[in-house]
Amino acid sequence: CEPTPEEASQNVEQQKIELETLQSIYSEEINVLKDDTEYLININPRFDGAVQLILPAANPTLPSRDEAAVATPTNLQKSTKVTHLPPVVLYVKYNRGYPSRRPPDFHVSARWLEPRLVTFVT
């Protein structure tokens, strides 16, 4: 449902305050795209040293029906150590109903995650 004219005006004001706050926090990572209603934030994963990254295997090795073995995490996953990852990108678009009636429209993407895993994150 659409906001009332008063709510819409308040929404725009709250959106401006929110965007200003995000710009003060993510000054180098935020990129405003359109009329202060759309923006991208590049969230850079930071960690000290190498970390173990565990992802589902592209072609997991499953035991045959004849084997009594049970599938274990090791044959369903692949892992590697990494010291750097590309940013996770958060795209946000404010709509007329945000924040009084609806959440903002958003999309999360990461080059190093399969789309189904990005969906899991969101």
message: Could you measure the distance from the OG atom of S27 to the CG atom of L22? Nearest 0.5 Å is fine.
response: 11.5 Å
- prompt: CD/E13 to CD/Q10 distance, rounded to the nearest 0.5 angstrom?
  reply: 9.5 Å
field: Listed partners of E2 passing side chain to side chain contact (heavy atoms under 4.5 Å, CB included), at least two apart
entry: R96, R102
- request: Tell me, with the steps shown, if K93 and L33 meet side-chain contact (heavy atoms from CB on, under 4.5 Å).
  value: CA-CA 9 Å; K93 180 178 181 181; L33 303 175; over 6 Å; no
- request: State the CD-CG distance between E18 and N11, to the nearest 0.5 angstrom.
  value: 11.0 Å
field: P86 versus P45, closest heavy-atom pair with distance
entry: O-CD, 3.7 Å
message: Check this for me: Q52, atom CD, are more than 12 non-hydrogen atoms of other residues, nucleotides or ligands nearer than 6.0 Å?
response: yes
- prompt: Would D36 and Q15 satisfy side-chain contact (heavy atoms from CB on, under 4.5 Å), going step by step from the backbone distance to the final call?
  reply: CA-CA 8 Å; D36 293 342; Q15 291 170 8; over 6 Å; no
field: Trace of the side chain to side chain donor-acceptor pair (under 3.5 Å) decision for E38 with Y91
entry: CA-CA 7 Å; E38 293 181 50; Y91 164 80; 2.7 Å; yes
message: Tell me every residue that passes side chain to side chain contact (heavy atoms under 4.5 Å, CB included) with V92, counting only those two or more places apart in sequence or in another chain.
response: Y39, L90, Y94, P104, F106
task: Find out if a path of hydrophobic residues (ILVMFWY) with successive side-chain heavy-atom gaps under 4.5 Å connects I17 to Y98.
output: no
statement: One should read off an interatomic distance between D105 CG and T37 OG1, to the nearest 0.5 angstrom, of 10.5 Å
- prompt: So how far is it from Y26 OH to L40 CG, rounded to the nearest 0.5 Å?
  reply: 14.0 Å
message: Using a 3.5 Å distance criterion without hydrogens, assess whether the side chain of S9 forms a donor-acceptor pair with backbone atoms of E6.
response: no
- request: Rounded to the nearest 0.5 Å, what's the gap from CD on Q23 to CD1 on I30? Could you check?
  value: 5.0 Å
- prompt: Quick one: do V89 and V82 end up in the same hydrophobic cluster if we chain Ile, Leu, Val, Met, Phe, Trp and Tyr together by side-chain heavy atoms under 4.5 Å apart?
  reply: no
query: Using a side-chain heavy atom cutoff under 4.5 Å and only I, L, V, M, F, W and Y, what cluster partners does V12 have?
result: none
